[in-house]
Chemist: 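Please find one structure pasted underneath; my questions will follow.
Letters A, B, ... are given to chains in the order of the sequence lines, protein chains preceding strands, and every chain is numbered from 1. Quantities reported herein were computed from a predicted structural model and do not represent experimental measurements.
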There are 2 protein chains.
Amino acid sequence: MEVQESMNQKISIKDVAKKAGVCISTVSIALNKSTNKGLISQVTIERIRDIAKRLNYQPNSFAKSLRTGRSGLIGFLVEDISNPFYAKLASALENQADQLGYTLVITNLGKERKNFQRKMKAFNGHLFDAFIIAPIHGIYPQLQALLTTKRPVVFFDQFVPGLNSDFVLTDHFHALKLGTMHLIKKGYSNIALIKIESNNQQFINDYTRYMRVMKSRDKKISVLDIPKHFANDTQKRIIHFFDKHHEIDALIFAPGAFAKTMLSLGRGTTSSFIQNMKIVAYDNFDLLKHLMPTITFISTPIEEICLSIMEKLNAKISANHEVLPNVGTIKVKPLIIEAVNYITLKE
Amino acid sequence: MEVQESMNQKISIKDVAKKAGVCISTVSIALNKSTNKGLISQVTIERIRDIAKRLNYQPNSFAKSLRTGRSGLIGFLVEDISNPFYAKLASALENQADQLGYTLVITNLGKERKNFQRKMKAFNGHLFDAFIIAPIHGIYPQLQALLTTKRPVVFFDQFVPGLNSDFVLTDHFHALKLGTMHLIKKGYSNIALIKIESNNQQFINDYTRYMRVMKSRDKKISVLDIPKHFANDTQKRIIHFFDKHHEIDALIFAPGAFAKTMLSLGRGTTSSFIQNMKIVAYDNFDLLKHLMPTITFISTPIEEICLSIMEKLNAKISANHEVLPNVGTIKVKPLIIEAVNYITLKE
DNA sequence: CTGAAAGCGCTTACAG
DNA sequence: CTGAAAGCGCTTACAG
């Protein structure tokens, strides 16, 4: 007969109370132990919990949130979750959020800016207690509007001037410089940087600064740009670049570039040439660690980014809303790691 | 002074009503045009909307959902969203959901089964109007419990006997057979299948069936298993496999295997050998389309899977809850596509 | 130790 | 054309 009751779609706190012969406030307290200060006998609590479980009672989260003003949900908003960096960061953030009693909810913003409008409308409605957002071009006014609601927001991945909130960024300049210095120290002088044509403004800025610094130090860096979306002539262009630059003895791959290049070369004709090169890959591709000849890699410090974000977010959540949050930018520095042995080099 | 008001944290429907000099029900109707049947003058509606916008009014979604019984949210639950198949499917589903007025919410279930418990508790609480779930081992009882709540659920990716609901699956057997037949027709007889050691039961079943059928037809298929997580000897084992099997003239790559193999070989010594082989890749790797020599590929029909899922889900959502949903399994068949020319072959 | 009541912010009949 | 009122399912003081 319990089974029949659980078939009746919605079991509310009333049903549990009736079954237990107590009133609903008693049930509420029994089920949220944190609130109980010895108010209800342990026996009653157990009995109520038992009944709730047997009835398969699921508290209505809307009612709960409406009453308490919090949902326990943190919105993670990115343009495209199939980007491995976002996906891995999401996993890491999720663990942290779990520990704080929150649940991370991932939302793909997608390419369509007008969909974003609709989504922000859905999500602004107090669904999320806090936001972690990789800002994308074309929605800055909406982000600005979100900030005026005073809810905790931490941005990452892209800096947007004028958004008066916290940012956690990766220091790509540092990463590129670190990789280059590493190669130079090892005696390589003909270095090529291979990168994906990116619309990541943060990366472009850091890359531009890197090239300027290299030029000022008389280090010549050849650059190969690989289009984000392969076309029929892309592979030809990659092979052509290597055929033309036989003086190159070392390569730095920007995020995403290594896999695309190796896939192209594997079916091309220049691949034996690349086997003798010293390679630094700035990427999160785990399997790179195990290739021979070894590759040195610079890893985006996902764990550190995650911790920085959660630290800032947590501070904002627990802070009284009256208190001005500390607005600022953290630049997280990637580390250089020697393959196989995982030696962390100091700068 | 509007600005000041929008600083006051929470603007409710009351504030809008007061500002407009009407009562809250009028505001509610004005803001949800669908409900209005010429009840309120167009002028009033415009005026109220204008005020709502100026005050930056965001309806409280909890109150709304509590009252209406629906959230407009569809939960997409997978173990790990960084799996490209899930990520791409999520993007596709999202577009479909948008068109139906729903918002797709992605949730990483993660490896920790006890976290799943907590999450299901949070999400069972009527947060989602419907669920799209890739079942994972160790949570079948919870999924069973979810089904008893009668909410619309469609499973995909993995079949679980005993879960009495709809499944949308990919026919891996068909894909493997299709690829093999294609190679045989082209005159290749020494075929190797390269696959990732997978814990995807659905793939294992289909693969086993494929091997049995091949054996029964006296087709010898060599198999190379690549561990999911590269170890120090993995690359060596891959190279060793190719060194030992010089008779192989054609390769079929299971999902995920192509990239790993090519990355290994690119740094290894056997790569020139693979350039002369006929290759069929069963994968969603877009850039494969543009490699030379060309690769034939079999693509997981993400769009079709997406449509099947949404069709089943939509039927369940719009059906009266009294009506028994049609429970069943769709096996979506991957297509074989000749690279560059995109010829769809009929079976 | 337990119950009655208010109220979170909406929508939806219903009455005027 | 517009307003008053009920109620969605909870939690939280408060009263006993």
Chemist: Salt bridge between A/D15 and A/K19, side-chain N to carboxylate O under 4.0 Å?
Modeler: no

Chemist: All N/O contacts under 3.5 Å from nucleotides 8-10 of chain C to the protein, with atom names and distances to one decimal?
Modeler:
residue	atom	partner	partner atom	Å
C/dG9	N2	B/A63	O	3.2
C/dC10	OP1	B/Y57	OH	3.0
C/dC10	OP1	B/N60	N	3.4
C/dC10	OP2	B/I13	N	2.9
C/dC10	O5'	B/Y57	OH	3.1

Chemist: Less than 6.0 Å separating the ring centroids of B/F76 and B/F156?
Modeler: yes

Chemist: Between the main-chain N or O of B/P135 and the side-chain N or O of B/Q158, is there a donor-acceptor pair closer than 3.5 Å?
Modeler: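 Answer holds: no.
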
Chemist: What is the separation between atom NZ on A/K18 and atom C1' on C/dG3, rounded to the nearest whole Å?
Modeler: 17 Å

Chemist: Taking Watson-Crick and G-U wobble pairs with both distances under 3.5 Å, convert DNA chain D into its dot-bracket string, 5' to 3', dots for unpaired and | for cross-strand pairs.
Modeler: |||.||||||||.|||

Chemist: Within the structure, does a side-chain N or O atom of A/T44 lie under 4.0 Å from either OP1 or OP2 of C/dC1?
Modeler: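 Looking at the OP1 and OP2 atoms of C/dC1, neither is under 4.0 Å from any side-chain N or O of A/T44.
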
Chemist: Do any N or O atoms from the side chain of B/D157 and from the backbone of B/A134 form a donor-acceptor pair under 3.5 angstrom?
Modeler: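 Here the side-chain-to-backbone pair does not exist.
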
Chemist: Give a yes or no answer on whether the side chain of B/E79 reaches the backbone of B/N108 with a donor-acceptor pair at less than 3.5 Å.
Modeler: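 Such a contact is absent between B/E79 side chain and B/N108 backbone.
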
Chemist: Do any N or O atoms of the protein come closer than 3.5 Å to N or O atoms of nucleotides 13-16 of chain C, and which pairs are they?
Modeler:
none

Chemist: Evaluate the ring planes of A/F62 and B/F62, with Trp represented by its six-membered ring, and classify them as parallel (under 30°), tilted (30 to 60°) or perpendicular (over 60°).
Modeler: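 A/F62 and B/F62: tilted rings.
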
Chemist: Tell me whether A/S82 contacts the main-chain N or O of B/K88 through its side chain, where contact means a donor paired with an acceptor under 3.5 Å.
Modeler: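 Judged by distance alone, no pair lies under 3.5 Å.
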
Chemist: Give a yes or no answer on whether the side chain of B/R49 reaches the backbone of B/A30 with a donor-acceptor pair at less than 3.5 Å.
Modeler: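 The answer is yes, because a donor-acceptor pair under 3.5 Å joins these two groups.
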
Chemist: With no hydrogens and no angle check, do the side chains of B/K316 and B/S165 hold a donor and an acceptor under 3.5 Å apart?
Modeler: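 Side-chain D/A pair, B/K316 to B/S165: present.
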
Chemist: Any non-hydrogen side-chain atom of A/F131 less than 4.5 Å from a side-chain atom of A/L77?
Modeler: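 They are in contact (side-chain heavy atoms under 4.5 Å apart), so the answer is yes.
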
